[in-house]
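Just so you know, ligand 1 is whichever comes first in the structure, and atom 1 is the first atom listed for that ligand.
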Amino acid sequence: MKQKMKSCCFLLFLEILILLSGCSSNDNNSANTLRIGVALYTQDDTFISSIVQNLEKLAQQNENQNLKINITIMDGKSNQTTQMEQIDQLIRRGCNFLCVNIVDRTAASVLIDKAKEADIPVIFFNRQPVAEDMERWEKAYYVGSKAEEGGKLQGQIVLDAWLNNKNIYDKNNDDTIQYVMLEGEPAHQDTLLRTEYSVKTLTDNDIKVEKLASDSANWSKSQAINKTTEWINQFNNNIEVVFANNDDMALGAIDAFTNAGLDIPLIVGVDAIPSAIDAIKNGTLCGTVKNDAYGMASTMLDLILKLYNDEKIDLNLQDEHYLWLQYEIITIKNA
Ligand code: BGC
Ligand code: CA
């Protein structure tokens with residue numbers, strides 16, 4: 001009996017040891033295990049989920065006899081305090097790298113200092129910290145797309161569609177675009193710059209625009225349905241263009257017009273998630289701008305593997321911290 005208790009205790013002790021030893025419990029060959037801690041602003045975001053799926057798939061493909069790649073994902077639940085605690089946990093658990101999709105992009109300095117103290121390179125992605133924070137440490141990186149570029153390309157889609165089909169889209173024949181803007185989270189670089197540069201592309205091309213309304217729907221389809229329904233009630237059938245800072249919100253706008261039994265105006269999104277590509281194919285979405293989820297995942301992993309193997313970083317690192325992905329216009333022509 002005593003013996004049994006003893007071995008039971010020993011097993012429990014072993015289990016705790018294994019749990020404490022790494023980012024997860026199934027790696028005991030620590031010499032060859034690369035541990036990546038991934039902290040997400042929320043797990044409940046279509047685009048972010050697709051980056052993570054790509055990262056997991058690529059990590060698996062890069063495993064071999066000598067290398068196990070272990071990824072631990074933390075859901076920040078849109079709370080910066082929660083995310084900071086998760087970063088502490090990932091550091092305590094012995095992760096070799098941190099990939100951070102930061103909740104509040106103005107809060108990066110504390111996080112970078114933590115990583116620096118533990119000497120764990122930190123790769124931010126999709127949610128861009130302010131430049132002066134990035135300069136705190138040479139092992140702080142950012143992988144993402146240039147927000148204003150996304151806005152410009154979205155504006156370009158609207159410009160082309162408007163010029164080609166003004167007779168359809170200019171409902172009140174006043175040679176002016178009456179638009180509404182579905183914005184992402186306030187203060188997100190993609191919200192600020194996509195909003196600004198999409199419209200600027202039109203005005204730079206001498207297109208007259210009239211903003212009917214602009215408001216945040218926090219990247220969310222359901223919030224976008226509600227917002228757009230409000231606007232449909234407010235502006236009757238006078239909305240000619242809907243700019244959405246991302247595809248989920250663009251799809252929400254399409255639903256709102258469909259629910260109201262109205263014709264769908266010119267709607268554009270950003271991301272090129274699969275459901276948006278379907279919407280382009282069936283003619284409800286005019287176009288989107290591809291935000292390269294696969295490219296972000298593969299760039300992060302490339303960088304990690306180079307650093308892990310002490311190889312020269314021959315990636316296109318700009319200003320010592322930044323790896324940029326290209327946006328791309330997607331319309332019926334190339335969907
Ligand atoms: C994407 C959005 C996403 C957001 C999250 C943006 O770049 O376009 O779909 O919700 O990032 O940070
Ligand atoms: Ca008009």
Side chain to side chain, M300 and I36, heavy atoms closer than 4.5 Å = no
Min side-chain heavy-atom separation S145-D292 under 4.5 Å = no
Mind checking whether V242 and P265 have side chains closer than 4.5 Å, heavy atoms only?
-> yes
Would you call E117-K114 a salt bridge at under 4.0 Å N-O?
-> no
With a cut-off of 3.0 Å, does N238 place any N/O/S atom under that distance from the Ca ion (ligand 2)?
-> no
Hey, which atoms in ligand 1 end up nearer than 4.0 Å to a heavy atom of D271?
-> 1 (C), 2 (C), 8 (O), 9 (O)
Taking both backbone and side chain into account, is any N, O or S atom of Y169 nearer than 3.0 Å to the Ca ion (ligand 2)?
-> no
For D170, what is the atom name of its N, O or S atom nearest to the Ca ion (ligand 2)?
-> OD1
Is there at least one pair of N or O atoms, one from D45 and one from ligand 1, spaced under 3.5 Å apart?
-> yes
Taking 3.0 Å as the cut-off, does an N/O/S atom of N172 lie below it from the Ca ion (ligand 2)?
-> yes
Flag, side chain of R127 to backbone of V103, donor-acceptor distance under 3.5 Å = yes
So is R194 in contact with ligand 1, going by heavy-atom distances below 4.0 Å?
-> yes
Correct closest heavy-atom pair for S50 and A293 would be OG-CB, 3.3 Å
Could you tell me whether some N/O pair between N101 and ligand 1 is separated by less than 3.5 angstrom?
-> no
N246 heavy atoms, cut-off 4.0 Å: which ligand 1 atoms fall inside?
-> 2 (C), 8 (O), 9 (O), 10 (O)
F47 neighbourhood, listing ligand 1 atoms whose heavy-atom distance to it stays under 4.0 Å = 1 (C), 9 (O)
Does any N or O atom in N291 lie less than 3.5 angstrom from one in ligand 1, N or O only?
-> yes
Quick one: closest heavy-atom pair of I69 and E63, and the distance?
-> N-OE2, 2.7 Å
Minimum heavy-atom distance between D248 and W219, given as atom pair plus value | CB-O, 3.5 Å
Does D175 bring an N, O or S atom to within less than 3.0 Å of the Ca ion (ligand 2)?
-> no
How close do N96 and T33 get, heavy atom to heavy atom, and via which atoms?
-> OD1-O, 3.7 Å
Does the shortest distance from the Ca ion (ligand 2) to an N/O/S atom of E210 fall below 3.0 Å?
-> no
